[in-house]
Amino acid sequence: QVQVVESGGGVVQPGGSLRLSCAASGTINAINVMGWYRQTPGTGRELVAQITANGRTSYVDSVKGRFTISRDSAPNTMFLQMNSLKAEDTDIYYCNARIMTTVHLDYNDYWGGGTQITVSS
């Protein structure tokens, strides 16, 4: 059994910063790609940033230069440092991890429950 849990959401003024954390735990054999997505209710989920097992990162154009994704192999934690936040960054942010468990020896996607980010003055 695997759990993926986000933390660090909240309300911030435009230009402010927040740091999101995502922790994966349980019967994990290996984690491949980890990523942050965001979604406004009623719309599709957008990939914001992604990081591979060897540390390669990618970002959606709208957050380049403002957001930084990173991860620690132990204890299977990923972070998203968000600077210079804008009102349009307001959304629910979800952590995704592509995980191979000790039971199923193939990779599957696991999602956290989401954390709300609100950027408002």
Side-chain angles (χ1 to χ4, degrees):
Q1 198 170 10
V2 171
Q3 298 82 38
V4 175
V5 180
E6 306 97 339
S7 61
V11 179
V12 63
Q13 293 186 339
S17 298
L18 282 174
R19 180 178 170 89
L20 299 182
S21 299
C22 171
S25 61
T27 55
I28 296 172
N29 189 351
I31 300 180
N32 190 352
V33 177
M34 298 185 77
W36 289 99
Y37 289 72
R38 62 188 179 188
Q39 183 175 27
T40 299
T43 68
R45 197 166 286 188
E46 174 189 47
L47 176 60
V48 176
Q50 198 170 57
I51 185 167
T52 66
N54 61 8
R56 180 175 297 179
T57 61
S58 60
Y59 300 88
V60 67
D61 285 346
S62 61
V63 308
K64 285 180 180 177
R66 301 188 297 122
F67 291 11
T68 303
I69 189 171
S70 60
R71 64 188 281 183
D72 286 335
S73 59
N76 295 325
T77 304
M78 175 179 63
F79 306 95
L80 186 68
Q81 178 66 43
M82 303 184 292
N83 298 328
S84 302
L85 282 160
K86 305 175 181 179
E88 51 263 43
D89 295 318
T90 296
D91 240 331
I92 301 172
Y93 285 70
Y94 296 89
C95 172
N96 171 269
R98 194 158 297 164
I99 297 173
M100 176 189 293
T101 71
T102 57
V103 176
H104 301 289
L105 298 182
D106 59 348
Y107 285 98
N108 290 283
D109 284 328
Y110 291 83
W111 294 89
T115 185
Q116 176 72 47
I117 302 295
T118 301
V119 184
S120 174
S121 55

Are Tyr94 and Leu47 linked, directly or through intermediate hydrophobic residues, by side-chain heavy-atom contacts shorter than 4.5 Å (ILVMFWY only)?
yes
Would you sort out whether Ser62 and Glu88 count as a side chain to side chain contact (heavy atoms under 4.5 Å, CB included), showing the intermediate values?
CA-CA 10 Å; Ser62 61; Glu88 51 263 43; over 6 Å; no
Between CG of Asp72 and CZ of Phe79, what distance do you get to the nearest 0.5 Å?
5.0 Å
Out of curiosity, Asp91 CG to Thr43 OG1, how far, rounded to the nearest 0.5 Å?
6.5 Å
Test log, rule side chain to side chain contact (heavy atoms under 4.5 Å, CB included), inputs Thr90 and Gln116:
CA-CA 8 Å; Thr90 296; Gln116 176 72 47; 4.0 Å; yes
If we ignore hydrogens and angles and just use 3.5 Å, is the side chain of Arg98 paired with the main-chain N or O of Asn32 as donor and acceptor?
no
Please walk me through it: do Ser17 and Asn83 pass side chain to side chain donor-acceptor pair (under 3.5 Å)?
CA-CA 4 Å; Ser17 298; Asn83 298 328; 2.9 Å; yes
Is the closest side-chain heavy-atom distance between Asp89 and Met82 below 4.5 Å?
no
Donor-acceptor contact present, side-chain Thr27 to main-chain Gln1, <3.5 Å
yes
Do Ile51 and Tyr107 share a hydrophobic cluster, counting only Ile, Leu, Val, Met, Phe, Trp and Tyr and linking them when any side-chain heavy atoms are less than 4.5 Å apart?
no
Hydrophobic cluster membership, Leu85 vs Ile92, 4.5 Å side-chain cutoff:
no
Would you please say whether a donor-acceptor pair under 3.5 Å links the side chains of Asn29 and Thr102?
no
Would you say Glu6's side chain and Gly114's backbone share a donor-acceptor pair under 3.5 angstrom?
yes
Please check if the side chain of Tyr59 supplies one atom and the backbone of Ile69 the other of a donor-acceptor pair under 3.5 Å.
yes
For the backbone of Ala23 and the side chain of Thr77, can you confirm whether one donor and one acceptor N or O come within less than 3.5 Å of each other?
no
Going through the checks in order, is the side chain to side chain contact (heavy atoms under 4.5 Å, CB included) test met by Ile117 and Arg38?
CA-CA 9 Å; Ile117 302 295; Arg38 62 188 179 188; over 6 Å; no
To the nearest 0.5 Å, what is the distance between OG1 (Thr101) and OH (Tyr110)?
5.0 Å
Rounded distance [0.5 Å steps], OG1 in Thr57 versus CE in Met34:
14.5 Å
Tell me whether Ile31 shares a hydrophobic cluster with Leu80, the cluster being built from Ile, Leu, Val, Met, Phe, Trp, Tyr side chains joined at under 4.5 Å.
yes
So, are Asp61 and Lys64 salt-bridged, with charged N and O less than 4.0 Å apart?
yes
Within this structure, what is the CG-OG1 distance for the pair Leu20 and Thr115, rounded to the nearest 0.5 Å?
6.0 Å
Can you check whether Trp36 and Phe67 have ring centres sitting under 6.0 Å from each other?
no
